[in-house]
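Chain naming here is simple, since letters A, B, ... match the order of the sequence lines and numbering starts at 1 in each.
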Number of protein chains: 2
Amino acid sequence: MAVSARDVARVAGVSVSTVSRALARPHEVAPATRVKVLEAARGLGYTPNLAARSLITGRTGNIGLVVPDLENPFFASVTKGVQSRARTAGYAVFIADSDEDPTQEAELVRNLAKQVDGMVLCSPRATDAVLAELARECVLVLVNRESGDIPTVTIDNHEGTRQAVAHLLALGHRRIAYAGGPTTSWSNRQRAAAVEAQGALHGDLEVVNLGSFQPYVSGGIAAGDLVLASGATAVIAYNDLLAFGLLERFRQRGVRVPDDVSVVGTDNIPVSALTSPGLTSVGIPLVNTGRAGVDMLLHLVRDPSTPPTHHHDLTVQLVVRASTGPHGGDVALRQLA
Amino acid sequence: MAVSARDVARVAGVSVSTVSRALARPHEVAPATRVKVLEAARGLGYTPNLAARSLITGRTGNIGLVVPDLENPFFASVTKGVQSRARTAGYAVFIADSDEDPTQEAELVRNLAKQVDGMVLCSPRATDAVLAELARECVLVLVNRESGDIPTVTIDNHEGTRQAVAHLLALGHRRIAYAGGPTTSWSNRQRAAAVEAQGALHGDLEVVNLGSFQPYVSGGIAAGDLVLASGATAVIAYNDLLAFGLLERFRQRGVRVPDDVSVVGTDNIPVSALTSPGLTSVGIPLVNTGRAGVDMLLHLVRDPSTPPTHHHDLTVQLVVRASTGPHGGDVALRQLA
DNA sequence: TTGTACGCGTTATCAG
DNA sequence: CTGATAACGCGTACAA
C-alpha cells in the first residue's frame, strides 16, 4: 500500500541505504545519484515511516503537552504557542487535558512519554515529589511552576505585581486587596508574596490579603463581598477569570467599576479586552510562553549536555483598560460595605 | 535502557511470543504462565513499545485533530471534547492549528496522517476537492461542515435559527437582521438560508441579511452600524464573537441592549455567560461535538465496513440571557440611525 | 499450550 | 561513494 524506501530504491536503481542517506545526509552521496533518488522519491510520493525510524533512532519527532484545562483561555493560548513553535521546528504535538486532576496528570505524562522526545507540563498540579519522579522518566519542561531543578519557564510575578501596585498608587489608591488563587498554586504563592512585599515597601500603602479562591468566575463572585467589606478601594486578582467574577459581583451589588472600586486582573487573556468595562490586567505573553517552553525543550532534547538556560523568566506588561480609575470619594463604598 | 518484552520473557522464563500473547490475548495462554508473565511485566514496569507495535499492526492508537485556531473558544471546547473522548477510548491525540489557512490545513493533515489511525477536521477551510483528496489518503471525519460523502458531524443550524427567531418573535420583534460570517463558511451558508426560510415562513416577519463579516469581534463592530441603519430591532449573529462586537459597537453609539436592540449570538461559548449583558445564544453542545467526532472516527477505524452513522446532526438549545428583551418603542433607535 | 522464525521500514555499521 | 547486513521491539504464522 504505502510506498517504502525499498520502492524508491528499485526505481532509482540504488540500494535502500543509499536512499536513506540521500534523504538524511545529502552531502554524503554523489550529486548524480542524489538527484536520481530525490526524483524517484518525489515521483512515488515517498514519505519515511516515522514509526520505523523512531524504532531505530530512539527519537520520535514528537513532543507532548499536558494542561489542566483546554477550555481555560490561559492554557488555550499557551497551547497555541506550543503548537506553533513545534510545527516550525518540525515536531508534532500530542495534547492532553488533565481536568485539573494531579493523578491524571502523572498518568498522562507516563502514557505519552514513550511516544515523545519530551514533554511540556503547563501549570502542573502534581507534587514536587511526583514531578521529580516524572522528570527521571522523561525529558520535562515546566511552565508556570518551579520544582527542584527541573527546567522551567516562568513569569516574572514580582514585576507584574509591582506594575499593578504602581498603577493603583498613581491613581490614588492606598488600600489594596489581593484576591488569591489556590494555595497549592505555585504562581499564587509568588503573587501573594509579591503583593505583601509591595505593601512593606510603601509606607503609605495598606495591603489586605483576602485569602484563596477558585481561579474562575465563581471564585471572584465569592471574593467580591470580601473586597467590599475590607474597605479596599482597589483589588488585584490572581487571574482574569477571577477578576471577571469580581466585576460580576460588584455589578450585582450596585458597586461601580472603576468609580467605586478598581479591579486589576492577571494574565490578560484575549477575552479581557472584550468585557465591559475592559479589564486592566497584568499582561503575560501567553503564546510566547508556550513557544519558550518548546524552545527550552528542544534545546534539551537536541543537546544532552546541560544547556545554559535551565530557567527562563518571561517579562510582563500591565495593560490598562477601563476597570481601573482614580480613587474617588469612598463614602458611597463604605455605605455599601 | 527501556525494558522490552525480551526482558520480561527472561524473567518469566518464557519466550517473547508468550509474553506478547499473555498481554494481548490472555485466554490463549495457560493460567499459570499468564500470571508469571503478568507479574514479571508489572515487576519490571514493562510497557509495549508502540512504535514497534504500529510498525507491524499498521495501527497507531493515535488520532489527529486539526482546528483553525486553538485560541478561539469554539475550537478550544471542541478540542477538549475530542481529547476527553479519545483518552477514555485509549487513544492519544495529535493537535494541529492551521491558523485559518486552508493551505496549511491540508499540509498538516498529510503530515499527521502517517502517525494516526484517523483525523478529525474541525470547521475545515479547504475546498471540497482538496477534502476529497485528503479523504482518499486517510480516514477523515469532518466537524461543522459537509463535503461529498465524507463522514461528518454537524449542527442543526435550521433548528437553531428557528429557535432564535421564535424567541425574537415572541418578544415582539418584526424586523430581524442577520449578521453573517464568511461566505466560504459552510455553516454560515446554512444559517443564512435558515434565516431566509424563517422570513418566508412568517408573513409578519421581515428579515434583513446584512452580508458577511469576519467571525470575530472586529466583524461585529463593522456590522453594528449596518444593523442600526437597517431599522431592525433585533439581530442574529453568525457566532458569539461577532455578537460581542455588535454589543461593543452599540455601546459606543449609545444604543442600549436589549432596550433598543436585541442581540442573539450562536455557539454559546463559555465566555458568553460572563459578559455584560449576558449574551442570548443558540447553544451548541461544543464539548459533545468533539466527542461525537471521535466516536464516529473510532467507529470507522475499528469497523472498516460502512457504518450506519455517516452523519450525525447535533441538537441545539437556545440559551436566553440579558441581551434580548421585548421590543419597545423604536423611535429612539431611528433617531440614532 | 508454547517456542521458532520471519518481517514490518528504517538507520547504523562496516566492508568494499 | 555505495551496498550488504544487522538491529530496533513487537506480532503472528507455523511448527513442535
Original post:
Between A/Arg21 and A/Ala5, who's closer to the 5' end of DNA chain C by nearest nucleotide?
Top reply: A/Ala5
Subject >> DNA chain D: 5'-most and 3'-most nucleotides touching chain A, 4.0 angstrom heavy-atom criterion >> reply: D/dC1 to D/dG9
Original post:
In terms of heavy-atom contacts, does CG of B/Asp149 have more than 12 from other residues, nucleotides or ligands at under 6.0 Å?
Top reply: no
Original post:
At under 4.0 Å, does any side-chain N or O of B/Ser15 touch on OP1 or OP2 of C/dT2?
Top reply: no
**OP:** To the nearest 0.5 angstrom, please state how far the OG atom of A/Ser84 sits from the CG atom of A/Asn288.
**Re:** 9.0 Å
Subject >> Residues forming a ring pair (Phe, Tyr, Trp, His ring centres under 6.0 Å) with B/Phe94, sequence neighbours excluded >> reply: A/Phe94
**OP:** Scan side-chain atoms only and decide if A/Arg145 and A/Ser123 contain a donor-acceptor pair under the 3.5 Å cut-off.
**Re:** no
Original post:
Between B/Arg87 and A/Asp99, is there a salt bridge with N-O shorter than 4.0 Å?
Top reply: no
Subject >> Estimated bend of the helix from C/dT1-D/dA16 to C/dG16-D/dC1 (axis per five terminal pairs, rounded to 10 degrees) >> reply: 40°
**OP:** May I ask you to say whether A/Asp295 pairs ionically with A/Arg85, meaning some side-chain N is under 4.0 Å from a carboxylate O?
**Re:** yes
**OP:** Scan A/Ser4 against the nucleic acid and name what it touches under 4.0 Å (heavy atoms): base, sugar-phosphate only, or nothing.
**Re:** sugar-phosphate
**OP:** Would you mind classifying the nucleic acid contact of B/Arg59 as base, sugar-phosphate or nothing, using non-hydrogen atoms under 4.0 angstrom?
**Re:** nothing
**OP:** Could you tell me whether A/Arg110 and A/Glu133 make a salt bridge, using a distance below 4.0 angstrom between a side-chain N and a carboxylate O?
**Re:** yes
Subject >> Spacing of B/Leu286 atom CG and B/Ile155 atom CD1 [to the nearest 0.5 Å] >> reply: 7.5 Å
Original post:
Starting at CG of B/Leu55 and ending at C1' of C/dC8, how long is that distance when rounded to a whole Å?
Top reply: 4 Å
Subject >> 5′-ward residue of the pair A/Val16/A/Glu28 relative to DNA chain D >> reply: A/Glu28
Original post:
Base, sugar-phosphate alone, or nothing: which one does B/Arg34 contact when heavy atoms must sit under 4.0 Å apart?
Top reply: nothing
Original post:
Hey, does the side chain of A/Arg6 come within less than 4.0 Å of C/dT10's phosphate (OP1/OP2), counting only N and O?
Top reply: no
Original post:
Side-chain N or O of B/Ser17 less than 4.0 angstrom from OP1 or OP2 on C/dT2?
Top reply: no
Original post:
For the side chain of B/Thr33 and the base of C/dT2, is some donor closer than 3.5 Å to an acceptor across the two?
Top reply: no
Original post:
Do A/Thr60 and A/Gln115 pass the side-chain hydrogen bond (donor to acceptor under 3.5 Å, both in side chains) test, and can you show the C-alpha distance, the side-chain angles, and the key distance before you say yes or no?
Top reply: CA-CA 7 Å; A/Thr60 63; A/Gln115 300 195 67; over 6 Å; no
Subject >> Between C1' of C/dT10 and CD1 of B/Ile56, the distance in whole Å >> reply: 15 Å
